[in-house]
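Here the structure is laid out as structure tokens; the discussion comes afterwards.
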Amino acid sequence: MSLYQKMIKLFVSSKTFSKIKSESSEWYFKCDCGNEFSIWDTGGIRYKAKGNPIKAARCTKCNKVAVRKSYKR
């Protein structure tokens with residue numbers, strides 16, 4: 001868990017945190033190497049969100065940082 005995720009965990013109930021974790025795990029990035037990885041795996045949180053924002057993210061497989069469009073599976 002990232003520092004950001006740990007801080008959020010301190011301020012919300014365990015029930016809300018589990019909802020945040022499960023919803024963040026449904027949002028993904030896709031790398032040019034073909035790897036798909038969730039926002040939660042990169043240390044981020046996406047809860048009660050809409051749209052497909054573009055963010056910089058590091059691939060969990062090839063370690064390449066690039067601007068990627070997020071999407072919900």
Side-chain angles (χ1 to χ4, degrees):
M1 234 186 328
S2 70
L3 178 62
Y4 178 62
Q5 291 167 338
K6 289 177 184 176
M7 285 178 23
I8 296 299
K9 187 175 182 178
L10 289 174
F11 294 104
V12 298
S13 68
S14 60
K15 183 179 178 182
T16 302
F17 186 74
S18 66
K19 288 179 184 178
I20 291 171
K21 183 178 179 180
S22 68
E23 190 167 327
S24 296
S25 296
E26 294 174 1
W27 285 90
Y28 280 81
F29 292 117
K30 186 169 186 172
C31 182
D32 295 335
C33 72
N35 184 34
E36 288 184 317
F37 51 97
S38 73
I39 289 177
W40 183 262
D41 292 340
T42 63
I45 291 177
R46 190 143 169 85
Y47 181 59
K48 292 188 176 184
K50 294 182 181 178
N52 296 336
I54 298 172
K55 305 269 182 179
R58 181 179 304 273
C59 177
T60 56
K61 185 177 178 184
C62 69
N63 239 6
K64 183 180 175 185
V65 177
V67 177
R68 308 174 195 286
K69 189 174 183 180
S70 64
Y71 60 94
K72 191 171 184 178
R73 253 208 269 184

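Under a 4.5 Å side-chain heavy-atom cut-off, the cluster of Ile, Leu, Val, Met, Phe, Trp and Tyr residues that includes V12 is completed by M1, Y4, I8, F17, I20, W40, I45, Y47. Membership of the apolar cluster around F29 extends to W27, F37, I39, as traced through chained side-chain contacts below 4.5 Å between ILVMFWY residues. Residues M7 make up the rest of the hydrophobic cluster containing L3, defined by ILVMFWY side-chain heavy atoms closer than 4.5 Å, directly or through other members. Taking a 4.5 Å side-chain heavy-atom cut-off between Ile, Leu, Val, Met, Phe, Trp and Tyr, the cluster of L10 extends to F11.
The minimum heavy-atom distance linking S2 with G43 is given by the pair OG-O, 2.9 Å.
Note that SG of C59 and NZ of K30 are 11.5 Å apart. Values are rounded to the nearest 0.5 Å.
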Less than 3.5 Å apart, which donor and acceptor atoms pair up between the side chains of residues 49-56 and the rest of the protein, not counting sequence neighbours?
none

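In this structure, S25 has no side chain to side chain donor-acceptor pair (under 3.5 Å) partners at least two apart in sequence or on a different chain. For S13, the side-chain contact (heavy atoms from CB on, under 4.5 Å) test picks out K15, T16, with sequence neighbours left out.
Residue pairs meeting the side-chain hydrogen bond (donor to acceptor under 3.5 Å, both in side chains) criterion with at least one partner in residues 61-73, sequence neighbours excluded, are Y28-R73, E36-Y71.
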